[in-house]
Amino acid sequence: MEVELLAITPNAEEVIERAGRTCYMSQGRISEKSASKFIRMLISKGHLSILEHAYATFRISGISRASTHQIVRHRLCSFSQKSQRYVTERDGDFVVPPSVRENERARTCFEESVTEAKGVYERLLELGIPREDARFVLPNAASSEIVLSANFRELRHVIVMRGSKEAQWEVREMVKRILMILKDKAPNVFFDLSVDANQYVEPCSSHSPE
Ligand SMILES: Cc1cc2nc3c(=O)[nH]c(=O)nc-3n(C[C@H](O)[C@H](O)[C@H](O)COP(=O)(O)OP(=O)(O)OC[C@H]3O[C@@H](n4cnc5c(N)ncnc54)[C@H](O)[C@@H]3O)c2cc1C
C-alpha cells in the first residue's frame, strides 16, 4: 500500500489559529510561537470546529476493495476511486492479508481462488460481457486506488476510529500512514494522537475522539 499526500492547506496551523482567535477577538496575541499553545488548548477543551478550516488530500493505492468499502462510509470525506466499470481489471493485483500470506496452505488456497476469479473475469469479457458485469466475479481482495479529501477535524475522527484495536488491519495501516504525514505537517493539530506499542492509534487527550 502507498499513501501519498497530494495537497494540504498552506500554513494550516496559522489558518486555524486565525480562525480560532476570531472567536475571542485575540488576533493581537498571534506571534511566531502562539499557534502551538492555542491550538492544543482548544483541542483539549473539545473546541474542534476550528480544525475544519484546514484540509488535506491523500492518494491511497494498493489497497483492497474490502478496505476502501469501509473508508467510503465516512460521509464527511470526499472520494474518487478507480472504477471497475471504466478500467479493466485484466492486469489488476490482489491484496493478500498477512494472516493468509503467513500460512502456506491458506496462501495456496487463496491464490487458486483469485487466479480462478481472474480467469472467469477474462472469459466473461471475451464472451462480450461488459466490464461492469464481469467485475461481479472479482473478490474483495482486488487492489484499488482512492483519493480522499477531508478537513482536519474529520481526519482526526477517521484516524481514531480506524486506527483503533477494533478496526481492520489494512484500514488501520492506512490511517497510521496518514497520521504520520499529518503529524509532520500540522504537529499541533495531531499532537494527542499517536501509535502505541501494539500499533494501534491511541488518543491521549480527553477530547479525542469527540
Ligand atoms: C470497528 C468498526 C466496525 C464497524 N462495523 C460495522 C458494521 O458491522 N456494519 C456497518 O454497517 N458499519 C460498520 N462500521 C462503520 C460505522 O458504523 C460507520 O458507518 C463508519 O465508521 C462511519 O463513521 P461515522 O458515521 O462516525 O463517521 P463519518 O461519516 O465520517 O461522520 C463523522 C461524524 O459526523 C457526524 N455525522 C455524520 N453524518 C451524520 C448524520 N447523518 N447525522 C448525525 N451526525 C452525523 C457524526 O458525529 C459522525 O461521527 C464499523 C466501523 C468501525 C470503526
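Predicted model, so just to flag it, every value in this text is computed and none were measured. Start at 1 and go down the list; that is how both ligands and their atoms are numbered.
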Item to check | Verify same cluster id: Ile63, Leu182 (apolar side-chain graph, 4.5 Å) | outcome: yes
Checklist entry - Should we say atom CD of Glu2 is surrounded by more than 12 heavy atoms from elsewhere, each under 6.0 Å from it? => result no
Next on the checklist: Give the atom numbers and elements of ligand 1 that come within less than 4.0 Å of a heavy atom of Glu166.
Outcome noted: 1 (C)
Checklist entry - How would you list all residue pairs meeting salt bridge (Lys or Arg N to Asp or Glu O under 4.0 Å) that involve residues 28-41, not counting sequence neighbours? => result none
Checklist outcome for this item: Logged contact type for His157 with ligand 1, heavy-atom cut-off 4.0 Å, is side chain
Next on the checklist: Quick check on contacts: which atoms of ligand 1 are under 4.0 angstrom from a heavy atom of Glu154?
Outcome noted: 28 (P), 30 (O), 32 (C)
Checklist outcome for this item: Of His74, Gln70, Arg162, Met161, the one whose closest heavy atom lies nearest atom 15 (C) of ligand 1 is Arg162
Checklist entry - Taking N or O atoms only and a 3.5 Å limit, does Arg75 qualify as a polar contact for ligand 1? => result yes
Next on the checklist: Assigning hydrophobic clusters by single linkage (Ile, Leu, Val, Met, Phe, Trp, Tyr; side-chain heavy-atom cutoff under 4.5 Å), is Phe79 placed with Ile60?
Outcome noted: yes
Checklist entry - Any luck finding a side-chain donor-acceptor pair between Thr57 and Ser149 under 3.5 Å? => result yes
